[in-house]
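Protein chains get the first letters and strands the later ones, always in sequence-line order, with residue 1 at the start of each. Scope of the values below: all heavy atoms of this structure, side chains included, with no hydrogens, waters or symmetry mates.
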Number of protein chains: 2
Amino acid sequence: MAFNKKDEFTQKENELSDFANAISHPARVAILKEIAKRETCICGEIVEVLPLAQSTVSQHLKELLKAELIKGTVDGAKSCYCINWKTFERFEKIFNGFFTKTNSNNPKCC
Amino acid sequence: MAFNKKDEFTQKENELSDFANAISHPARVAILKEIAKRETCICGEIVEVLPLAQSTVSQHLKELLKAELIKGTVDGAKSCYCINWKTFERFEKIFNGFFTKTNSNNPKCC
DNA sequence: TTTATTAATCGTATATTTGCGATATAAGAT
DNA sequence: ATCTTATATCGCAAATATACGATTAATAAA
């Protein structure tokens, strides 16, 4: 942000937007999909499938790690990744509880 | 993006990331929450509640409109907004179907 | 030991996002 | 007609994000 206003919002608002931010790029969605499909997956396998350079993929993986959407361990020269489903569950809970959903055909609605 | 690689990803990957992108800022989460709470809501009411200038809020509203997360109509000098629940439902469907969730305690997982 | 493989990080260029004040526009009030 | 209110848009500055090639580091293979 131009001037960081994050502090001015609630923790839950930030948690939700941070999660959303992590999946707000098609490459990261594609990476998550690939890891979920394979259950466990090394970096090179993702690079093979995506239309991006290795360094770029590595950067996206780093962001997904930071947001705790994936877990990663070093396995020799390779890096092994898998989905951190706990974070997904927490997100779903926050997301569903966040907006007090009224009827979809709200007559007051514009 | 530095060079726009959107075309290189699937339509669903882009749809999901676009939705996520719309709620990837705490201000937009707060705006959605406020509109949902009030069911229908004018711009000024949101500006009152948020720690942001009117022009900034207006910009965020524009983005939410573009992503079809809200609907808006002009009501005299005022602008009336409400949640577009249809988009939320569509997102939930895509999101749930996207990642073939295996067991959370995947033994293969790192 | 040398070489190859794998992946993270650095440096850099470019694009986008965020935020605000100023301005424009349009309806409503006086 | 003029003033006020409400909101969108413009122009700008600063911060972030995206992408890549080059480099580094560390293991594995020869």
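Rounding to whole angstrom units, NZ of residue Lys62(A) and C1' of dT18(D) are separated by 14 Å. Between the CG atom of Leu61(A) and the C1' atom of dA19(D) there is a distance of 15 Å, given to the nearest Å. For the pair Ile23(B) CD1 and dT17(C) P, the computed distance is 16 Å after rounding to whole Å. Rounded to an integer number of Å, the gap from CG of Asp18(A) to C1' of dA17(D) is 15 Å. Rounded to an integer number of Å, the gap from Leu64(A) CG to dA8(C) C1' is 15 Å. A straight line from CD of Glu48(B) to P of dT7(D) spans 10 Å, rounded to a whole angstrom. Nucleotide dA6(D) holds its P atom 11 Å from the CD atom of Glu45(B), rounded to whole Å. As rounded to whole Å, 10 Å separates atom P of dT16(D) from atom NZ of Lys6(A).
With respect to the salt-bridge test (charged N to carboxylate O, under 4.0 angstrom), the residues Asp18(A) and Lys6(A) qualify. Electrostatic pairing of Glu15(A) and Arg90(A) counts as a salt bridge here, judged by a charged N lying under 4.0 Å from a carboxylate O. With salt bridges taken as basic N to acidic carboxylate O contacts below 4.0 Å, one links Lys37(B) and Glu34(B).
Under 4.0 angstrom from either OP1 or OP2 of dA6(D) there lies no side-chain N or O belonging to Ser79(B). One finds no side-chain N or O of His60(B) lying less than 4.0 angstrom from the OP1 or OP2 phosphate oxygen of dT17(C). The shortest distance between the side-chain N/O atoms of Thr56(A) and the OP1/OP2 oxygens of dA19(D) is not below 4.0 Å. Residue Tyr81(A) has no polar side-chain atom (N or O) positioned under 4.0 Å from OP1 or OP2 of dT6(C). OP1 or OP2 of dA19(D) sits under 4.0 Å from a side-chain N or O of His25(A).
At a cut-off of 3.5 angstrom, counting only N and O atoms as typed in the model, there is no donor on one side facing an acceptor on the other between the side-chain of Gln54(B) and the base of dA6(D).
Between Lys66(A) and Asp75(A), the one whose closest nucleotide on DNA chain D sits nearer the 5' end is Lys66(A). Between Ser55(B) and Val74(A), the residue anchored nearer the 5' end of DNA chain D, judged by the nucleotide with its closest heavy atom, is Ser55(B).
The nucleotide whose nearest atom lies closest to any side-chain atom of Lys78(B) is, among dT9(D), dT7(D), dA7(C), dT7(D). Checking dC20(C), dT27(D), dA7(C) against the side-chain heavy atoms of Lys5(A) singles out dC20(C) as nearest. The side chain of Gln59(B) sits closest to dC10(D) out of dA6(D), dC10(D), dG11(C).
Using a 4.0 Å heavy-atom criterion, one finds that Ser58(A) contacts the bases of the nucleic acid, with or without backbone contacts as well. Using a 4.0 Å heavy-atom distance criterion, Glu63(B) is classed as a sugar-phosphate-only contact.
Although no hydrogens or angles enter the test, the distance criterion places a donor-acceptor pair under 3.5 Å between the side chain of Lys5(B) and the main chain of Pro51(A).
Checked against the 6.0 Å centroid criterion, the rings of Phe91(A) and Phe95(B) qualify as a close aromatic pair.
Residue His25(A) holds its NE2 atom at 12.0 Å from OG of Ser24(B), rounded to the nearest 0.5 Å.
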